[in-house]
Amino acid sequence: MSTTIAQNKGFGATLWDYLTTVDHKKIAILYLIGGGFFFLLGGLEAMAIRIQLIKPENDFVSAGFYNELLTMHGTTMIFLAAMPLIFALLNAVVPLQIGARDVAFPFLNSLGFWLFLFGGILLNCSWFLGGAPDAGWTAYAPLSTTQPGHGVDFYVLGLQISGAGTLMGGINFLVTIVNMRAPGMTYMRMPLFTWTAFVTSALILFAFPALTVGLFLMMFDRLFGSGFFDANMGGNSVIWEHLFWIFGHPEVYILILPAFGVFSDVFSTFSKKRLFGYTAMVFATVLIGFLGFMVWAHHMFTVGLGPAANSIFAVATMAIAVPTGIKIFNWLFTLWGGNIKINSAMLWSLAFIPSFTIGGMTGVMLAAAAADYQFHDTYFVVAHFHYVIVGGVVFGIFAGLHYWWPKMFGKILDETLGKITFWTFFIGFHLTFFIQHFLGLMGMPRRYWVYLTDQGLNTGNLISTIGAFFMAIGAIVFLYNVIITSIKGEKVGGDPWDGRTLEWSIPSPPPHYNFKQLPLVRGLDPLWIEKTEGRKGMTPAEPVGDIHMPNPTILPFVMSFGLFIAGFGFIYQVDDASWLSAVFIGMGICLGAMFVRSVKDDHGHHIHKEDLDKGDGL
Amino acid sequence: MSHEDILNPKVMPEEPEKATLEGKNKFLGFWFFLGGETVLFASLFGTYLALKNSNNGGPTSEELFGLELVFIMTMLLLTSSLTSVYAMYHMKNNEFKKMQIWLGITVLLGLTFLGLEIYEFYEYIVHDGFTFRSSAFGSAFYTLVGFHGGHVLFGLLWIITLMARNAKRGLNLYNAPKFYIASLYWHFIDVVWVFIFTVVYLMGVI
Amino acid sequence: MAENTNSINTELDYHKKKKKEEMKQQVITFALMIAFTIIAFTMVVSGLDKLFIIPILLVLAIVQVIFQLYYFMHMSHKGHELPAVMMYGGFAVAFLTVLTLLVLVWW
Amino acid sequence: MKGWMGKVRALFWLSILSIVLSGCGKENLSAFLPKGYGAQVSLDIIFISLAVMVFVFIVVMIIYTFVLVKFRQKKGQEDFVPKQTEGNKALEVVWTVIPILLLIIIAVPTIAATYDLADESDKADSLNISVTGNQYWWHFNYGEEEIQTSQDMYIPVGEKVYLNMMSSDVLHSFWVPSISGKMDTNPENENTMYIEALEEGVYWGKCAELCGPSHSLMDFKIVAVSPEEYQQWVEDMQNVDLEATPETASAQEGQAIFENSCLGCHAIGSSPTAVGPNLTNFGDRTKLAGVEDLTHENVVNWILNPEKMKPGNKMTGNYTVPSEEEAEKIADYLLQLKPSDVTPETASSNN
Ligand code: HEA
Ligand code: HEA
Ligand code: CUA
Ligand SMILES: [Cu+2]
């Protein structure tokens, strides 16, 4: 049942295997493919944006199309690329790090993936059906509620569906981490990546419902004639802004925290030291998550909330610099006195520190409300968030992929290609976005289709576009690396990096059931502890016995597909009431599958202990 | 634990809903879900509060709301909370029949509640001409109360399905957690209603 | 073996009793909730001053919710630590959300 | 290691170079070159916070560089296992407390400035202008003076001017970088902000909230003139002779056509019609429709096909397109609408 065996099956069987899988390791691969695809798509849109802005008053794309590009770039990157790629890492690693054979809700886990995928596909169908959403990824009303066409409807329903998937994923990880830890794996012995997974999932749990409600209200306004955001009916467009940012700000920490977790593990492994100030790191993670819910109005300083609200939110926002700083310094002191080995995973992590620090500091500058009156909605903000998102999240994903690739696929990504990717992407990144800080203050608002000649903005934009091309080259080299490694790469053992945590104590890629015997955890960095005491692997906490595993099922796929159909029904019923039948059919498929799920008992299956011993040594 | 033990346990443990790992997971996961639901309803309440005076020339909350019906609805829902507590009491005592009876009563109360709510909406729409599209207030009112009503409906369907599916085979460690979290859900619906009758109806008429 | 069943029996009895007591508590809780509801409705009908009623209504609602959570949903029981944390987390976010939407939307 | 830092340094200088090349941006547009009170206040906060940030960044980079140089794996030491330190209480306190202090340094002036910029104590005694954001043009209503204008806002230099801002459709944001920070225009709430120009001049304004296809073309200007000239302008605008006949025949014909087919949306004089920009002083505009040069040719092209200049604008498709000849005449008429001698040139030439 392990991935190696799956490769020997025919294509159809493999496909069916993946469509029905509830194995977190395979779901991780699905997320990686889905998220990777959307990253390329979002990158392509970014390239189109940059080409349009290469010179003043360019007409590479039309005004309306530009707005579609920038909206879809932001939406795709955040919801369909960054989040799923992070979910790929969480799925691949978290159960292994806590010594679990499975996640708490394998069914929900797979449902979460398919909902994300079908939501994303629904959203992107808009390109071919009369135009993509064009009101920005923030979709501020009333622009979004009054835009003609169906673009924004696709935004609303696509995000609603994929958002539901994310919420399920979040609950799954929370319960997995609480209930499925191996014996001895106390909370304060969990690797930091697992901790960040935990806090991120809690943020998802509390942040996504606000988006859900916001999207419902917007859907009602657009499709059913309600007046939440319509001033003529007594509505108020600022409600959308609040709901969006109550979700939106925690969302950016949902993205960055797992990246922080990756860096913590990578730094510790490749400097051969335990993480400096582990307790403080955990505390800081929780604190960032907590404060993350009290600052959303810093996106709304110019909305006119008044000086009192602006000041409160300004100070609350600045406070986040403290726990983040704690992390930065703890990382530096993890490296301090270590035996630092620099490879691709480490390069991305090391590059993260200055890049993210710059982004964080421009964040604090933005938090100064009176200064934000100038920064807001200019390229300064664009520079800020690409510095934290690309310099933090994307670097983190790259670091994590290089670090865990051998665990996921049993092969190490090529180092030379990895370094080429890194340097082109890194240089391109700074070229693209550093200059944008200045462009913003020189009078270039964001979301501008064209800028005028003679306004001093030409050179900066040209440099920025050149940088973007470097990033594209980097991304393509990475893609090449993945292909070449999967064809030619050499197999490695379970522990290629001299790892410290539990995932390195089992074969690569891990067997279907992860751990033949659950390990006994005796402290932080459990595998390291065993190694320092001269043992090669973990001491088991139980005798070899039968292992209970969940059964594969197609139902999550069917349910998501049903919602996908219903999505089209909702969108088009305004034009023609007969589309309501699509709503009923789609919901019928979805509810029918739910009904089957609840009526049909599914107790999973057992792997007998006699079958376990067949050659799974390290 | 083997299938046999789960489906036909020799002795029912003290807390059957948490006796298996699946049960524990369901239990915890569902509570977390309720934490998220809290934010969901808060967003709806916040929106309602922000828009409750935006009647756009249409009827206001003072003109619309009568308290008699709401009082009856409240009593029904509160009582259904108690009956579902009884059901869980009997579940823990492994008295399946009694549990089914009390769940049945809960469902009846819930259905009546839903019927009254539909009647209320009908009155507003037909007699007062107050609809989802009348004003921002109308949109917010129907959305908030309707979301709650939708939760009631879903809860009823859920409980009915559970009762029907397990009517023949009785209580076991596989379905006990399902009954338990369905009852948690039902209580949560009541929690939300407490705020609805306070914030929407009572505060709407003073 | 005999000993074992015996202890199970006493244990069962003990739990039965505990559950009975708990049930009694829950009925009392229910009675209180009904009472609170009646108080709330009569207060509104009686037409007292707005500024006086609203805080009381809110307090009554909050107490009712605490009853539901702690008595009906057993949030005080062992094994409910994390549910409690998550519910309070939810309430904190909920509170901030409602507060801002109430205060900051019209100015 | 050397190569690494070298690349970073090269990058840094490249960026600096390009900034120097382009100066600090265009005069009267860049927020780096403040000409108004609000812009000045904001820039001060920007510099205070920037100073703190540079300090923090240097500290981080010093430790970072040191660590990487000193503790990088040496040849033959691959198996060296360093001491496993758990943490250090004293250090942790240091890097908690110092950032807090640094943040206080930023927070205090920030709050002061935030309140300062929201001050409305002398609103009643000052000039008040109602600003309306429309897709994709700006309307200015001098309520007390009973003047309506669009696109170019005239204000007296050195005086506080209160702007009461609303939107007629979607969100927009009023931003004149060299005068003051921005403020959104919302459809349901009025926002108030004051501006004060410190020097005479024509300041470039931009819409900073995505509002549709022509969001990037929704420019406007603030024309700051001396208080005397401002008075003059007010009088001229109040005394526009609506009956006056233009001098040339073509302009006269243009007027007739205009009154026939355009007056429903475009007002001349202080009429409150504001479906389209008020054209009372169209001949004195800095730009046509905010962005294009105000030439006869451009005006004709606009009248014939506004979509080409501003995609998605609300004039396209809502008027009977005149023939080219008629358009020429209308342009003649519109371009001679110059009710005042106080013009954007007055503002820039006094500098
Ligand atoms: C991963 C994503 C991410 C992260 C981590 C952050 C982190 C931060 N962000 Fe950012 N932000 C975004 C993504 C992110 N942001 C996005 C996407 C937007 C735009 C959305 C849109 O409009 O489309 C945005 C916009 C945004 C705004 C609104 C700007 C505007 O529209 O006008 C503000 C304002 O306060 C802000 C502030 C901050 C702050 C203070 C942090 C802090 O968390 C940073 C903390 C880190 C540090 C400060 C560095 C390390 C610390 C030290 C070395 C210690 C010492 C430091 C000091 C004493 C200062 N962000
Ligand atoms: C995770 C988040 C994320 C990421 C990774 C990125 C990555 C990039 N972003 Fe994006 N960006 C946002 C989130 C993100 N962005 C958001 C939220 C907005 C705001 C949107 C809004 O205003 O609503 C925004 C807006 C935004 C703008 C401002 C647009 C405007 O305001 O008008 C710009 C302009 O330069 C930009 C550029 C880039 C570039 C050059 C990259 C690069 O890093 C991209 C690098 C990747 C590639 C270049 C892929 C390369 C691959 C190929 C080209 C191969 C394709 C081939 C095959 C399919 C085989 N982004
Ligand atoms: Cu108006 Cu952008
Ligand atoms: Cu934010």
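Note on naming: letters A, B, ... go to the chains in the order of the sequence lines (proteins, then strands), and numbering restarts at 1 for each one.
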What residue, out of Phe71(B), Phe45(B), Phe41(B), has the most heavy-atom pairs lying under 4.5 Å from chain C?
Phe71(B)
Mutual orientation of the aromatic rings belonging to Tyr89(B) and Tyr86(B) [parallel < 30°, tilted 30-60°, perpendicular > 60°]
perpendicular
Interface residue of largest heavy-atom contact number with chain C, from Lys52(B), Lys18(B), Met75(B), under 4.5 Å:
Met75(B)
Between chain C and each of Val70(B), Val85(B), Val39(B), count heavy-atom pairs under 4.5 Å; write down the option with the most.
Val85(B)
Interface moiety of Thr47(B) toward chain C, non-hydrogen atoms closer than 4.5 Å:
both
For the side chain of Trp106(C) and the backbone of Ala50(B), is there at least one donor-acceptor N/O pair under 3.5 Å apart?
yes
If I measure from the heavy atoms of chain B, does Met23(C) come under 4.5 Å with its side chain, its backbone, both, or neither?
side chain
Could you tell me which portion of Val44(C) (side chain, backbone, both or neither) has an atom closer than 4.5 angstrom to a non-hydrogen atom of chain B?
both
Leu28(B) versus chain C, heavy atoms under 4.5 Å apart: side chain, backbone, both or neither?
side chain
Toward chain B, the part of Leu57(C) with a non-hydrogen atom under 4.5 Å
both
Check ion pair Glu17(B)-Lys92(B) (N to O, under 4.0 angstrom)
yes
Chain B contact via Gln64(C) - side chain, backbone, both or neither, heavy atoms under 4.5 Å
side chain
Counting only heavy atoms closer than 4.5 Å, note whether Tyr180(B) contacts chain C via side chain, backbone, both or neither.
side chain
Could you check whether Thr131(B) and Ser134(B), counting side-chain N and O atoms only, form a donor-acceptor pair closer than 3.5 Å?
yes
Would you compute the distance between atom CG of Asn55(B) and atom CG of Asn53(B) and round it to the nearest 0.5 angstrom?
7.5 Å
Leu104(C) versus chain B, heavy atoms under 4.5 Å apart: side chain, backbone, both or neither?
neither
N/O donor-acceptor pair under 3.5 Å between Glu22(B) side chain and Tyr174(B) backbone:
no
Answer yes if the side chains of His151(B) and Glu37(B) hold a donor-acceptor pair under 3.5 Å, and no otherwise.
yes
Distance-only criterion, 3.5 Å: show the donor-acceptor pairs between side-chain atoms of residues 193-206 of chain B and protein atoms not counting sequence neighbours.
unit_1	atom_1	unit_2	atom_2	d
Trp193(B)	NE1	Thr74(B)	OG1	3.2
Thr198(B)	OG1	Val194(B)	O	2.7
Tyr201(B)	OH	Glu120(B)	OE1	3.1
Tyr201(B)	OH	Glu120(B)	OE2	2.8

Side chain / backbone / both / neither for Thr79(B) at chain C, heavy atoms under 4.5 Å
both
